[in-house]
There are 2 protein chains.
Amino acid sequence: MSEENLKIERIHKGTVIDHIDAGYALTILSLTGLDESPDLMTIGVNVLSKKHGKKDIIKIEGVFLNEIQMQKVSILSPNATISLIDNDDVIEKKKVSIPKVIEKLIVCVNKTCISNSENISGRKEPIDTEFLVLEEKPLKIQCVYCDRIYNLEEITFISKEKIEKRVKQRIQL
Amino acid sequence: MSEENLKIERIHKGTVIDHIDAGYALTILSLTGLDESPDLMTIGVNVLSKKHGKKDIIKIEGVFLNEIQMQKVSILSPNATISLIDNDDVIEKKKVSIPKVIEKLIVCVNKTCISNSENISGRKEPIDTEFLVLEEKPLKIQCVYCDRIYNLEEITFISKEKIEKRVKQRIQL
């Protein structure tokens, strides 16, 4: 009894994110909220690629990324390419590009940073976070307010939507 | 320019989890820790299946599930099948089965439940959680200590390992 091939349908209209850094596809899906898409999605993780060693790839039917999702992909995988598919054809293919300054997307975890100041009512002041991109790969960014430097593994995205995961997990050591 | 097919290699040795409830593959990967596997993994989400409507499928090279991972799969997708692959052949295929009693795997979030009691030093008493499975699908389980009933969307798994996700997200409404 031979193991069947998983037949991966082409997508007809949607997005292909290719050349994702190996091991980052699931992080990208989770942090962009794309993991909640109700349509066909196929994902390859640690796929051997002749050019780049291992890479990840994501194909999502019926979805086009918005500006914030694109920025998140560029931060998580600066070599990724994004192809827009319509009528089974690639209508546009582009490499993501990381902005020189990343605004309103990442938290500065330095508690004394002005971006974390609170006013009397305890609510956040409307100071948007801003980070200079010092290096793209490996990522190195610096908070413009407190100068703290972060690498990729240290960053925390801001999410405006409360994405409640279906089933949670609690650490109990 | 036509959109290429994503060529999904068969796996040579590893596990295929098929007939996963649609939309649950990524949750399964995250809650079992399988998402950290360094080897080839292919995932189909919301794949149209003639028999069951939509389903998810996961193929993982070089990995066999342990007992806890199997139980988690059975809870998250009671109709899932697990095939073990070796030398390109299916050497075993089985349907997951949900245990009658789920032990040490799920948290009871009722603060007054005895499973959450703390001793003087503030550390957890060694009372293992235990839930009776009242219904498999949709899942309905009951804490044997405090009788509280949970459905699938309400459960929280216990994790013994601190899985630090690479990049985090913080909700900021």
Side-chain angles (χ1 to χ4, degrees), chain A residues 1-12 16 22-27 29-31 35-48 54 57 59 61 75-76 83 85 88-90 93 107 124 152-153 155-163 165-173, chain B residues 1-12 16 22-24 26-27 29-31 35-48 54 57 59 61 75-76 83 85 88-90 93 107 124 152-163 165-173:
Chain A
M1 183 165 51
S2 171
E3 197 254 314
E4 272 177 89
N5 273 326
L6 172 58
K7 198 174 158 232
I8 296 290
E9 305 283 341
R10 294 191 205 186
I11 58 171
H12 304 299
V16 177
Y24 274 91
L26 303 178
T27 306
L29 288 170
S30 157
L31 295 182
D35 55 351
E36 296 295 323
S37 170
D39 285 325
L40 180 66
M41 187 154 51
T42 53
I43 305 141
V45 175
N46 299 313
V47 178
L48 277 179
K54 286 183 187 176
I57 180 169
K59 298 188 168 203
E61 183 74 44
I75 292 165
L76 294 165
S83 303
I85 315 295
D88 299 287
D89 279 340
V90 178
K93 182 171 181 171
V107 179
K124 291 258 171 216
L152 182 57
E153 320 289 298
I155 70 176
T156 301
F157 282 116
I158 294 167
S159 173
K160 293 284 176 196
E161 295 143 275
K162 192 158 158 47
I163 303 169
K165 293 299 171 195
R166 298 163 192 224
V167 180
K168 292 167 286 294
Q169 182 158 258
R170 184 191 292 176
I171 313 298
Q172 209 164 76
L173 296 172
Chain B
M1 184 166 49
S2 171
E3 196 254 313
E4 272 178 90
N5 274 327
L6 173 57
K7 197 174 160 233
I8 296 290
E9 306 283 341
R10 294 190 205 187
I11 58 172
H12 304 298
V16 176
Y24 275 91
L26 302 179
T27 305
L29 288 171
S30 158
L31 295 182
D35 55 350
E36 297 295 323
S37 170
D39 285 325
L40 180 67
M41 186 155 51
T42 53
I43 305 141
V45 175
N46 300 313
V47 178
L48 277 177
K54 285 183 187 176
I57 180 168
K59 298 189 168 202
E61 183 74 45
I75 292 165
L76 294 165
S83 301
I85 314 296
D88 300 287
D89 279 340
V90 178
K93 183 172 180 170
V107 179
K124 291 258 171 216
L152 182 57
E153 320 289 300
E154 292 166 336
I155 70 176
T156 301
F157 282 115
I158 295 167
S159 172
K160 294 283 176 196
E161 294 144 276
K162 192 159 158 51
I163 303 169
K165 293 299 171 195
R166 297 162 193 227
V167 180
K168 292 166 285 295
Q169 182 159 258
R170 183 191 292 175
I171 312 298
Q172 208 165 78
L173 297 169

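Just so it is clear: chains get the letters A, B, ... in the order the sequence lines come, proteins before strands, and each one is counted from 1.
Here the straight-line distance linking atom CG of B:L48 with atom CG of A:D39 works out to 9.0 Å at 0.5 Å rounding. Taken from CD1 in B:I43 to OG1 in A:T42, the straight-line distance is 9.5 Å, to the nearest 0.5 Å. Distance OG/A:S30 to CG/B:L29: 12.0 Å, rounded to 0.5 Å.
Listed for the B:K54 side chain is a donor-acceptor partner under 3.5 Å among the backbone atoms of A:P38. Judged by distance alone, with hydrogens and angles left aside, the side-chain atoms of B:N46 form a donor-acceptor pair with the main-chain N or O of A:S37 at under 3.5 Å.
Interface remark: A:I75 contributes no atoms to any contact with chain B (heavy atom separation under 4.5 Å).
Within the 4.5 Å cutoff, the side chain of A:V47 has heavy atoms near those of the B:L40 side chain.
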